[in-house]
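Worksheet: the structure to be examined is printed underneath.
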Amino acid sequence: MTTKEKEKEIDLSRNENLASQNPFFKSVIQKAHLHNQYDMALPKDFWRQNVDENSCHYITLYVLHDQNKIWPVRLYARLRSTCPFRRAAFRKKDWQRFVDENHLKVGDVCIFELIDKNEMKFQVTINRADSEGQYYEVWD
C-alpha cells in the first residue's frame, strides 16, 4: 500500500461510525477532484447496486445546512481504455460548480448519502481538514 493510499484509508476511517439506512459512499477530496481535472467518479460497487448503469442520470446534490440550495449534476457512464468496466462520473462542469460553491479543498471528506433513489437526490456532508490536518464536521 502506498503512502497516499494509507493516508486516504486513515481519512475515511474517521467516519466509520456513520450509520445510515440509506446507501452512501465517502470520498476524500484529492487533486484530481479539483482544479483543472474536476474528476469525481462513484465507487463501482455503489454505482452497480444503486444506479441503473445503462442510462444517464441527472442527480441532485445538496448540503445539509442549506436544503434550499441544490446542485443539479449529470451522472454518466463511460468506458475507459484503462478499465474493463464502465465508470460512472459526475459531469465536469456540474461537479466544478459544486466544488467551487462549497469551497472544497484537498483532504476534505465528502459523504454522499442517497436520500431518494427515485429522484436520485444525494445529501452531501462535508468534513473539512484544518491547516494542521485535524478534521471537524462542518454541518450536523
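Computed from a predicted structure; not experimentally measured. Sequential numbering from 1 along the given sequence is applied to the chain's residues.
Residue Glu101 places its CD atom among more than 12 non-hydrogen atoms of other residues, nucleotides or ligands, all under 6.0 Å distant.
Cys110 has its side chain out of reach of Arg128: every pair of non-hydrogen atoms, C-beta onward, lies at least 4.5 Å apart. Contact annotation: the side chain of Phe98 approaches that of Leu104 to within less than 4.5 Å [non-hydrogen atoms, C-beta and beyond]. Under the 4.5 Å side-chain criterion, counting only non-hydrogen atoms from C-beta, Asp94 is not in contact with Arg97. For the pair Phe25 and Pro43, the minimum side-chain heavy-atom distance is below 4.5 Å. The shortest distance between side-chain heavy atoms of Val63 and Thr125 does not fall below 4.5 Å. Counting heavy atoms from C-beta outward, Val73 and Thr60 have side chains that stay 4.5 Å or more apart.
Using a 30° and 60° split on the angle between ring planes, His33 and Trp95 fall in the perpendicular class, above 60°. Using cut-offs of 30° and 60° on the angle between ring planes, the pair Phe112 and Phe122 is perpendicular.
Under the 3.5 Å distance criterion, the side-chain polar atoms of Asp108 are matched with a main-chain donor or acceptor of Ala129. In terms of modelled atom types and a separation under 3.5 Å, the side chain of Lys105 and the main chain of Ile29 share no donor-acceptor contact. One N or O on the side chain of Asp116 and one on the backbone of Asn118 form a donor-acceptor pair closer than 3.5 Å.
Rounded to the nearest 0.5 angstrom, Ile59 CD1 and Ile70 CD1 are separated by 11.5 Å. Annotation: the span from Gln49 atom CD to Lys44 atom NZ amounts to 12.0 Å, rounded to 0.5 Å. Distance check, rounded to the nearest 0.5 Å: CD of Gln21 to CD of Glu113 gives 10.0 Å.
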message = For a side chain to side chain contact (heavy atoms under 4.5 Å, CB included) check, start with the C-alpha distance between Phe90 and Asp39, then their side-chain angles and the critical distance, and finish with the verdict.
response = CA-CA 7 Å; Phe90 295 152; Asp39 183 25; over 6 Å; no
ask   = Would Trp71 and Asn102 satisfy side chain to side chain contact (heavy atoms under 4.5 Å, CB included), going step by step from the backbone distance to the final call?
value = CA-CA 11 Å; Trp71 291 266; Asn102 287 285; 3.4 Å; yes
ask   = side chain to side chain contact (heavy atoms under 4.5 Å, CB included) between Ile111 and Val124: does it pass, once the steps are laid out?
value = CA-CA 5 Å; Ile111 302 167; Val124 183; over 6 Å; no
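Closest approach of Pro23 to Asn50, counting heavy atoms only: CG-OD1, 3.3 Å. Of all heavy-atom pairs spanning Lys92 and Gln37, the tightest one is CE-O, 3.4 Å.
Remark: of the listed residues Lys69, Lys121, Gln123, Gln123 is the sole one forming a side chain to side chain donor-acceptor pair (under 3.5 Å) with Tyr62.
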